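Counting from 1, the numbers follow the sequence of the chain as shown. All values derive from a computational prediction rather than experimental measurement. Scope of the values below: all heavy atoms of this structure, side chains included, with no hydrogens, waters or symmetry mates. Counting convention: from 1, in listed order, for ligands and their atoms alike.
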Amino acid sequence: MRNQIVAGNWKMNNTTAETELLLNNLLEHQIREDVKVYVTPAFTQLSQSVAKLEGSPIQVAAQNMNAASSGAHTGEISSSMLKGVEVNTVILGHSERRSLYGETNESLKEKVDSALKAGMEIIFCFGEELNERKENKHFDLVKEQLSSALFHLPNEAWSQIILAYEPVWAIGTGETASPEQAQEMHAFIREQIQAHYTAALAEKVVILYGGSVKPNNAQEIFSGEDVDGGLIGGASLNADDFMAIVNAF
Ligand code: PGA
């Protein structure tokens, strides 16, 4: 049985006061023990969130990190800085990082290697743009994103990897992949892992879906056999909506 995971990607939202309020609201909910729940605040709110969530099952992850361990990288954050504030999970490869900040499959490979070397868990995001789906190139594109950043890894590294398939056309648009489209892609991803590694490993890797998951569509999307949960943007900013999604399994 694979872990079921729901992670809230807060993006560039929530000041200190807003973080306090959202975390208080989340903590008012009974958190199920059979679903792993993460929130990913901005760097400046990580320590606050870790302190506030101490003793709760909700884990704190970061939204990005630099591949270098230290040095002349103005404005960047390293794995040791994250670990220093007790954050051991990081999102890498989000489509906004790829499209707005020039991250590529090659640079993500370096980040993946660096995060793994530091012993971090990775939520690795990937997915096609609308034109790529319209041109029926989405499977090839996803295969390329996975193989160039992840398929050089040894078997054992995969215990630290959570995949998040996020079709770019569904992120923040209110348009979701249909449950069939999500399941079809997740099954394809598992096949790719099986082809490069083993069936046993493919069976174990957690694959999240992301892109306009809301309380009213989560249950249907999560019902796919190969869909193990979600990476939630907009709906993670409201505690009731986020917890409704956690409870949609
Ligand atoms: P969304 O964002 O839920 O607002 O579409 C998902 C994401 O960017 O991870």
Ile171, any N or O under 3.5 Å of ligand 1 N or O: no

Short N-O contact, Glu132 and Lys137, less than 4.0 angstrom: no

Closest non-hydrogen protein atom to atom 3 (O) of ligand 1, residue and atom name please, with distance? Gly233 N, 2.9 Å

Using a 3.5 Å cut-off on N or O atoms only, is Ser212 in polar contact with ligand 1? yes

By number and element, which atoms of ligand 1 are closer than 4.0 Å to a non-hydrogen atom of Gly211? 5 (O)

Classify the ring geometry between Phe151 and Tyr197 as parallel (under 30°), tilted (30 to 60°) or perpendicular (over 60°). perpendicular

Closest non-hydrogen protein atom to atom 4 (O) of ligand 1, residue and atom name please, with distance? Gly234 N, 2.8 Å

Using a strict 4.0 Å threshold on nitrogen-to-oxygen distance, state whether Asp228 and Arg190 make a salt bridge. yes

Under 4.0 Å from one or more heavy atoms of His94, ligand 1 contributes atoms 7 (C), 8 (O), 9 (O)

Heteroatom proximity flag, Gly210 to ligand 1, N/O under 3.5 Å: no

Does Asn9 approach ligand 1 within less than 4.0 angstrom via side chain, backbone, both or neither, non-hydrogen atoms only? side chain

Going through the distances and angles, do Glu103 and Arg98 end up as a salt bridge (Lys or Arg N to Asp or Glu O under 4.0 Å)? CA-CA 4 Å; Glu103 296 198 1; Arg98 293 175 189 258; over 6 Å; no

Relative to the ring of Tyr165, is the ring of Phe126 parallel (under 30°), tilted (30 to 60°) or perpendicular (over 60°)? tilted

Grab the two heavy atoms, one from Arg2 and one from Glu225, that are nearest each other, plus how far apart they are. NH2-O, 3.1 Å

Who gets closest to atom 9 (O) of ligand 1 by heavy atom: Glu166, Glu175, Lys214, Glu96? Glu166

CD1 of Ile207 to CD1 of Ile189, rounded to nearest 0.5 Å, is 5.0 Å

Rounded to the nearest 0.5 angstrom, the CG-CH2 distance for Leu237 and Trp10 is 8.0 Å

Can Gly172 be said to touch ligand 1, with heavy atoms closer than 4.0 Å? yes

Atoms of ligand 1 under 4.0 Å from any heavy atom of Leu231, numbered from 1 in the order shown, are 6 (C), 9 (O)

Ligand 1 contact on Ala170 by region, counting heavy-atom pairs under 4.0 Å: backbone

